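Keep in mind that this is a model prediction, so the values were computed, not measured. Here is the naming used below: chain letters follow the sequence lines, and residue numbers restart at 1 for every chain.
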Amino acid sequence: MWAFQFPQTPQLHSHFYTNSAARLPPKPPPIFSVAVNPTTTSSPSNNNKLIQSLCKQGNLKQALEVLSNEPNPTQHTYELLLLSCSHHNSLSDAENVHCHLVDNGFDQDPFLATKLINMYTHLDSIDHARQVFDKTRRRTIYVWNALFRALTLAGCGEEVLDLYRQMNRSGMGSDRFSYTYVLKACVSSYGVVSLLKHGKEIHASILRHGYDRIVHIMTTLIDMYARFGCVTYASFVFNEMAVKNVVSWSAMIACYARNGMAFEALELFHEMMTETQDSSPNSVTMVSVLQACAALAALEQGKLIHGYILRRGLDSILPVVSALVTMYARCGKLELSQRVFDQMDKRDVVSWNSLISSYGVHGFGQKAIQIFKEMIYHGVSPSSISFVSVLGACSHAGLIEEGKMLFQSMRKEHMIGPSVEHYACMVDLLGRANKLEEAAKIIEDMRIEPGPKVWGSLLGSCRIHCNVELAERASKRLFELEPTNAGNYVLLADVYAAANMWDEVKSVKKLLEARGLQKVPGRSWIEVKRKMYSFVSVDEFNPQAEQLHALLIKLSTEMKEKGYVPQTKVVLYDLDTQEKERIVLGHSEKLAVAFGLINTSKGETIRITKNLRLCEDCHSFTKFISKFGNKEILVRDVNRFHHFHDGVCSCGDYW
DNA sequence: TTAGGGTTAG
């Protein structure tokens with residue numbers, strides 16, 4: 001048969017070929033659709049009208065039956081049929097309509113080619129979309145754009161860029177739609193090569209062709225730079241925009257929020273509220289703003305934002321409510337997360353995942369598992385992220401057997417293949433529990449390539465349990481996979497320092513320097529009376545610093561009398577014990593604790609956030625303060641929460 | 001005929 005044919009579709013024509021004998025021999029392929037279109041000269045038959053009406057009513061089955069008796073379907077009839085196949089998510093019907101269309105001489109119609117590509121994109125059949133494109137000789141800008149969209153959604157960014165160059169060579173210029181798809185393609189690549197360079201070239205082309213006044217394109221550009229972590233470029237584009245709307249503001253706020261610049265995100269939000277009259281924030285804006293509050297653990301800010309959401313009636317929008325659940329949990333108010341969740345009329349898998357991870361990050365592993373089961377009981381199927389959340393919760397709580405069983409159930413019961421993230425959770429779970437060999441075995445047996453997250457989990461566990469040999473193995477891979485991540489070098493140096501291997505510590509530090517990298521400085525912050533105060537280990541600019549240091553020396557002396565022994569193995573310098581003690585006493589979280597002791601009233605909980613993992617010494621020191629200073633102290637480190645109360649931490653010293 | 005920002009984890 002000359003007509004378009006798909007592989008693996010043996011029953012393809014059975015539905016339509018009841019009169020197949022009358023159709024043979026096959027017609028030669030038409031060259032130009034308009035010239036051979038059998039219906040351009042005649043008005044649509046009654047059958048055509050009936051098919052169109054059935055499609056509009058959503059009755060695809062009957063529409064297809066009528067189609068089998070209609071010798072002259074029109075372009076519009078096919079258009080509605082293809083749309084209907086998309087709505088019904090039916091690939092087999094789609095293929096049948098496609099074959100029918102080809103048999104009736106429409107295979108070179110660029111309008112229908114566009115519709116076919118869009119339909120196959122919707123049905124996740126990228127190969128089919130590509131075949132339609134390849135067979136279409138007259139490629140309008142719509143046809144090109146449809147394929148760009150298809151490939152971008154499928155993560156084939158590099159292929160889009162190749163085609164884009166091909167399109168330009170063919171003399172076809174880009175329009176505003178091509179630019180948005182191609183910019184998105186730069187960040188949608190599954191390949192390992194960064195396409196940022198290409199994104200910048202496209203940016204230049206946009207400027208050359210005067211498309212920089214199109215808000216859609218400039219917003220996509222902001223988003224592209226945001227996803228590459230190029231905040232300066234993104235804010236430059238944003239500031240240069242002559243006209244901004246709610247989407248461009250939201251894109252810039254999201255850019256700050258996801259790139260560790262939560263202060264800036266909140267600042268920009270306030271600017272948006274005060275400086276714009278016609279761009280009032282919407283639900284999407286609020287999600288990013290809540291993310292920023294969560295990142296900073298800015299509870300008071302978060303509560304104000306919650307009030308605004310209620311006043312604006314945005315509290316029924318699921319992503320907003322899920323972001324509220326997460327915000328309260330990350331601000332240390334788990335009970336408020338639960339309350340917000342309980343008040344939801346409708347919940348989706350994201351809402352459940354938010355609650356599961358909320359309990360997880362606070363160390364309530366069993367509760368997280370219970371919620372996971374409740375979710376399934378309520379008929380909501382777990383997603384891949386549900387498993388990341390619940391496995392993470394098991395890891396924080398040391399629930400090894402439960403974690404293993406859940407991991408097994410992924411494939412068996414829920415048909416979800418484990419991804420790199422799930423393996424990383426399992427390695428973390430076993431590694432933390434000092435089952436390092438078992439963790440290494442998991443990596444060996446992985447069916448997919450273990451990425452930096454997996455090796456990073458193993459290295460983190462080696463640091464906790466001081467396993468030099470395995471740490472060297474993991475870091476060797478990590479230095480290849482992500483040579484610019486300073487954290488990995490620091491972890492390896494930590495392992496060497498704990499083993500008193502000072503020459504090795506020195507050489508890791510040299511490697512770090514040679515590669516132009518720096519250790520991320522420890523930073524802690526605290527919200528007191530709606531204001532945020534930030535501390536770094538050596539903070540000469542804080543007017544209270546002297547007072548804070550004096551208080552810390554006094555507290556340290558007192559706590560030593562009560563049994564506190566400074567843990568100095570975290571110091572990466574070969575110094576004497578006294579010097580090491582001085583260094584750990586200046587850690588940012590201790591400064592924040594001291595600030596909290598001075599500036600909070602009796603009975604008020606101290607809430608601190610830290611950008612790195614809490615060190616052993618600060619952990620031990622804070623336990624003593626909670627007992628002898630009679631203070632509740634809540635610390636959120638980069639991984640989880642620590643509730644210090646009466647000399648005990650909720651993590652059970654397992655973090 | 002086609003388009004831009006957000007949702008959970010690590």
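Shown here are the side chain to side chain donor-acceptor pair (under 3.5 Å) partners of N282(A), two or more places apart in sequence or in another chain: T285(A).
Note on residues 313-338 of chain A: pairs passing ring-ring contact (aromatic ring centres under 6.0 Å, His included), not counting sequence neighbours, are H306(A)-Y328(A). Within the structure, salt bridge (Lys or Arg N to Asp or Glu O under 4.0 Å) contacts touching residues 352-380 of chain A (residues at least two apart or in different chains) do not occur. Among pairs with a residue in residues 225-236 of chain A, those fulfilling salt bridge (Lys or Arg N to Asp or Glu O under 4.0 Å) read D223(A)-R227(A), at least two apart in sequence or across chains.
Protein atom CD1 of I356(A) is 16 Å distant from nucleotide atom C1' of dG10(B), rounded to whole Å. Between L391(A) atom CG and dT8(B) atom P there is a gap of 18 Å when expressed in whole angstrom units. Computed from coordinates, the L80(A) CG to dT1(B) P distance equals 12 Å when rounded to whole Å. Between F106(A) atom CZ and dT1(B) atom P the separation is 17 Å, expressed in whole Å. As a whole-Å value, the separation of M426(A) CE from dA9(B) P is 19 Å. When the C1' atom of dG10(B) is taken as reference, atom CG of N353(A) falls 14 Å away, rounded to whole Å. Computed from coordinates, the L147(A) CG to dT1(B) C1' distance equals 15 Å when rounded to whole Å.
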Per-nucleotide protein contact string for nucleotides 2-7 of chain B, where B marks a base within reach and S marks sugar-phosphate only (heavy atoms under 4.0 Å, - for neither): BBBBBB

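K115(A) forms no cation-pi arrangement with Y78(A), by the criterion of a distance under 6.0 Å to the ring centre and an angle within 45° of the ring axis.
Within residues 362-381 of chain A, no residue places a heavy atom under 4.0 Å from DNA chain B.
A salt bridge does not link E79(A) with K56(A): none of the charged nitrogens is closer than 4.0 Å to a carboxylate oxygen. Here K404(A) does not pair with E402(A) in a salt bridge; the nearest charged N to carboxylate O distance is not below 4.0 Å.
Separation of the F372(A) and F387(A) ring centroids falls under the 6.0 Å cut-off.
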